[in-house]
Structures are given as C-alpha cells and as structure tokens.
Participant: 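Structure below; questions to follow.
Throughout, residue positions are numbered sequentially from 1 according to the sequence presented.
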Amino acid sequence: MTEPGTPVGAVAERATAGFRQRYGAEPAGRWAAPGRVNLIGEHTDYNDGFVLPFALPLRTVVAAAPQDGERWTVWSELADSPVEFGAAEADQPGRLTGWAAYVAGVVWALRAAGHAVPGARLAIASDVPLGSGLSSSAALEAAVLAALVDLGGLDLPAERRPRLAQRAENDYVGAPTGIMDQSAVIRCRAGHALFLDCRTESVEHIPFDLDAAGLAVLVIDSRAPHRHADGEYASRRKSCERAAAQLGVPALRDVSPDDLDAALARLDDDETRRRVRHVVTEDQRVLDTVALLRAGRVRDIGPLLTASHASMRDDFEITVPEIDTAVEAALAAGAYGARMTGGGFGGCVLALVEAAAADVVARAVVEAYAERDFAAPGTVTVLPSVGAHRT
C-alpha cells in the first residue's frame, strides 16, 4: 500500500506523464477521486440502511482532454495497452469487460440519463490498491465522471452523481453494489465521516477529526485472496431481500431493534435469522457511532467497531482467517476497536489507534501473520480526506 500522506500531486503527475506519452499532447485537466473505508455499517447499504464511510488520502487520477466524435480512448498505468470504444460499445452493457468496463459504464450511464457525453482521451493513474476492499472501482468511476462532466460542461450536480456512478457499476459492469461507495468517494469532506441514509440518500458530514484527538485509523490490507467474493456478496443480498419479503417490510432497515426478536421468530431457518440480525444490529451500531462522534467521544466508538466485526464474523459469515487474525492482533496490541471493512471474504481491516502507537499495532499484526504463515499484510495510517475534485 502507499505510504501515508502521499500527495495527490504525485499520482496526478503520473497521470499527466502517461497522457503525454500516450497521446503526445497536454491534458485539458486532471480529476481525482479517493478510495474509501467504511468506518461502520457493512452490508446495510442495499438494505436501505445507514453507513458511515470516510475518504482516504489514496487517489485515482484521470488526466483527460476532448477528442472529436463519439469515441473514447483510455489508457491506464496498470494495463499494457489503451482501450478505444465508441457509442456502439458504450450503449451495450456488458460489451466491454475488465477495467475499461468501468469507464464505458460511466459513458453509458451519462448517455442513458440524456447527457451529451464528449468524446475524450483519458490516462489513469492510481494509488488505491486493487482488490483490497477500498473501492478502487468507485474511485475510477468518480474520477472519470468528474472529467467527462467538466469536459462536456454537463449539468450534473454532486448530489446526483453517486446514483449515476452506481448505475454504471450495477447495470453496465454487472456488480450488485449499493450506493455507499460512490457516495463516499464523491461527497466526503476532509476531517469528517459521511453519514449516509441509503434510502433517502440524505447525507450529514459528521466531525471525525482524528488528528486533533491524537488518533489515527490503521488500515490493514489482509492480502487474503478474495474467496468467492462476488457470488457470496450476491448471495447475501438475495438472502436479505427474501427475508424482507417474508417479514412484509420494504427492506430490513424497517425492522427495529425492539422488534428484532419477534421478526426472527417469524423466519424459518437459522441462517436467514443470523443474516437479518446482523443487518438490524449493524444499523443501530451506525446510529450509536454517529451519536458518539457528535458528542466528541471518538475513542468510545471502539467497542462498536469490534462488535460490528463479531457480527460480520458470526452472523453474516463474511470474514476469513487472515481478517480475523488482523482484528485480534490489533486489539491485543491496544487498538480501541477493530473491524473488517468492505464486502468481505478478504480485503481490509481498520483499527482505531492512538497515532503514536500506530506502528506498534502494525508490527503486532505483521508478527501475528508470520506466526500463522500468512502472506505479510500491508499497513497504512490514514486520516479522513476529501472526495472527488479537480486537481
């Protein structure tokens, strides 16, 4: 993972250099979007619930310039050669695959919404690690979207952009994600977490000034291979939808903690009961975390983070041994709380730590991995950063 505090300018310069090398010209501008971690609120987004992500200082940057016609040429520093596509490919979901599908999906979603999308040449650089659960795909979508909106002078205010980017991922790429990732990478503010109601899409910026409190979030990339992540994610989502239908509610968000026991008694199998219990209790943990942060009690959110992890491990069953080892080691080394973040079956762990103790906690996790013969994890200390913007 990238070292903490890596300036967006370093990634932007790589995008600019790639543009010059690939296209022999200067870009018209550069647009950045961050990765994100979800402080708390996992698998609640597609259940119309609550989430509390914040943006990372790790960035995807798109350098771009217009080109004539309805053609788009895209180069990435992670690919051997550029991808070029036209309106015909962009207008057929699934026509492009791989990383370029996320770019084509943004073009498709804009066109489907009635926007005249400008042809463009784009060059992409990123420090958001792939496959780690830090929303590298949403960062790419948001940066491309910001570039195309500005290049075309399109009327698309920030509050409408997350839903459009989500459509690109859901309907063009075919990944059944909720609205959280795109909302976070587009709408987050520095020093804050984004309290998002996934039903109404209303947001509140909750103060999360770790620096002032002498705290930091240690993000641990488990380096665990994602094990059936796509299929298991879809399975969990379908299970939640079936449970809501059995309970006669629009979504599991509508089951209150006070009514949880009665709701569980109406379900006909233990696995579904556990899935529902996770979602309902996780929504409440988000609300409790927000209340503590509003009161300035940042350290006190630690037990809620740890309880969230236990629920993901035992009720939603989406953790893996590497993830659980990282959480246990971080807590044993003095973290106030720790939990997996992201869809599960691999990815990252976050731990709330004293800033001065971050290295100690990181070393403890590395040592615990070595004892179990796991591949060494990556670690980075982060503070809440800003969302998508022109740089």
Participant: About how many Å separate CD of E282 and CD of Q284, when rounded to the nearest 0.5 Å?
Facilitator: 11.0 Å

Participant: Could you tell me the separation between the SG atom of C198 and the CD1 atom of I179, rounded to the nearest 0.5 Å?
Facilitator: 8.0 Å

Participant: Which residue pairs pass the salt bridge (charged side-chain N to carboxylate O under 4.0 Å, His left out) test when at least one of the two sits in residues 254-265, sequence neighbours left out?
Facilitator: R199-D254

Participant: Do D315 and R277 meet the salt-bridge criterion of a basic N to acidic O distance under 4.0 Å?
Facilitator: yes

Participant: Between R275 and E241, does any side-chain N to carboxylate O distance fall below 4.0 Å?
Facilitator: no

Participant: Salt bridge check, R285 against E42: does any charged N sit closer than 4.0 Å to a carboxylate O?
Facilitator: no

Participant: If I take atom SG from residue C240 and atom CG from residue N47, how far apart are they, to the nearest 0.5 angstrom?
Facilitator: 4.0 Å

Participant: Do the non-hydrogen side-chain atoms of L78 and L130 ever get within less than 4.5 Å of each other?
Facilitator: yes

Participant: Should F19 and L145 be counted in the same cluster of Ile, Leu, Val, Met, Phe, Trp and Tyr side chains packed under 4.5 Å apart?
Facilitator: no

Participant: Only counting residues at least two apart or in another chain, list the ones meeting ring pair (Phe, Tyr, Trp, His ring centres under 6.0 Å) with H309.
Facilitator: none

Participant: With sequence neighbours left out, write down each residue that passes ring pair (Phe, Tyr, Trp, His ring centres under 6.0 Å) with F316, or none if nothing qualifies.
Facilitator: H43, H278

Participant: With side chains defined as the heavy atoms from C-beta onward, is the minimum distance between W108 and D171 less than 4.5 Å?
Facilitator: yes

Participant: Would you call E26-R20 a salt bridge at under 4.0 Å N-O?
Facilitator: yes

Participant: Tell me the salt bridge (charged side-chain N to carboxylate O under 4.0 Å, His left out) pairs involving residues 342-352, sequence neighbours left out?
Facilitator: none

Participant: Drop me the distance from S308's OG to L39's CG, to the nearest 0.5 angstrom.
Facilitator: 9.0 Å

Participant: Taking the side chain as every heavy atom from C-beta outward, state whether R236 and E317 have any pair of such atoms under 4.5 Å apart.
Facilitator: yes

Participant: Does R273 have any salt bridge (Lys or Arg N to Asp or Glu O under 4.0 Å) partners at least two apart in sequence or in another chain, and if so, which?
Facilitator: none

Participant: H205 vs H192 aromatic rings, parallel, tilted or perpendicular, using cut-offs 30° and 60°?
Facilitator: perpendicular

Participant: Rounded to the nearest 0.5 Å, what separation is found between the CD atom of Q67 and the OG1 atom of T73?
Facilitator: 4.0 Å

Participant: Tell me every residue that passes ring pair (Phe, Tyr, Trp, His ring centres under 6.0 Å) with W31, counting only those two or more places apart in sequence or in another chain.
Facilitator: none

Participant: Residues two or more places apart in sequence or in another chain: which of them pass side-chain contact (heavy atoms from CB on, under 4.5 Å) with L292?
Facilitator: R297, D300, I301, L304

Participant: Side-chain contact, heavy-atom cut-off 4.5 Å: P129 with L58?
Facilitator: yes

Participant: Could you go through R30 and T16, starting from their C-alpha distance and side-chain angles, then the distance that decides it, and tell me whether this counts as side-chain hydrogen bond (donor to acceptor under 3.5 Å, both in side chains)?
Facilitator: CA-CA 8 Å; R30 302 180 302 197; T16 299; 3.0 Å; yes

Participant: If you look only at pairs with a residue in residues 129-158, which of them pass as a salt bridge (charged side-chain N to carboxylate O under 4.0 Å, His left out), with sequence neighbours excluded?
Facilitator: none

Participant: Who passes side-chain hydrogen bond (donor to acceptor under 3.5 Å, both in side chains) against D91, sequence neighbours left out?
Facilitator: R111

Participant: Quick test of your reading: applying salt bridge (charged side-chain N to carboxylate O under 4.0 Å, His left out), list the pairs with at least one residue in residues 361-389, sequence neighbours left out, ordered by first then second residue.
Facilitator: none

Participant: Identify, with sequence neighbours excluded, every residue that meets side-chain hydrogen bond (donor to acceptor under 3.5 Å, both in side chains) alongside R187.
Facilitator: none

Participant: Please round to the nearest 0.5 Å and tell me the distance separating atom CG of L252 and atom CG of D48.
Facilitator: 9.5 Å

Participant: Using the ring centroid of each side chain, check whether F195 and F54 are separated by less than 6.0 Å.
Facilitator: no

Participant: Is there a side-chain hydrogen bond (donor to acceptor under 3.5 Å, both in side chains) between T341 and N38 once you walk through the steps?
Facilitator: CA-CA 6 Å; T341 183; N38 190 22; 5.3 Å; no

Participant: Taking only residues two or more places apart in sequence or in another chain, which ones pass ring pair (Phe, Tyr, Trp, His ring centres under 6.0 Å) with Y102?
Facilitator: none

Participant: Please assess Y172 against Q92 for the test side chain to side chain contact (heavy atoms under 4.5 Å, CB included), listing each intermediate value before the final yes or no.
Facilitator: CA-CA 8 Å; Y172 193 96; Q92 296 182 51; 5.8 Å; no

Participant: Are L210 and L194 linked, directly or through other ILVMFWY residues, by side chains that come within less than 4.5 angstrom of each other?
Facilitator: no

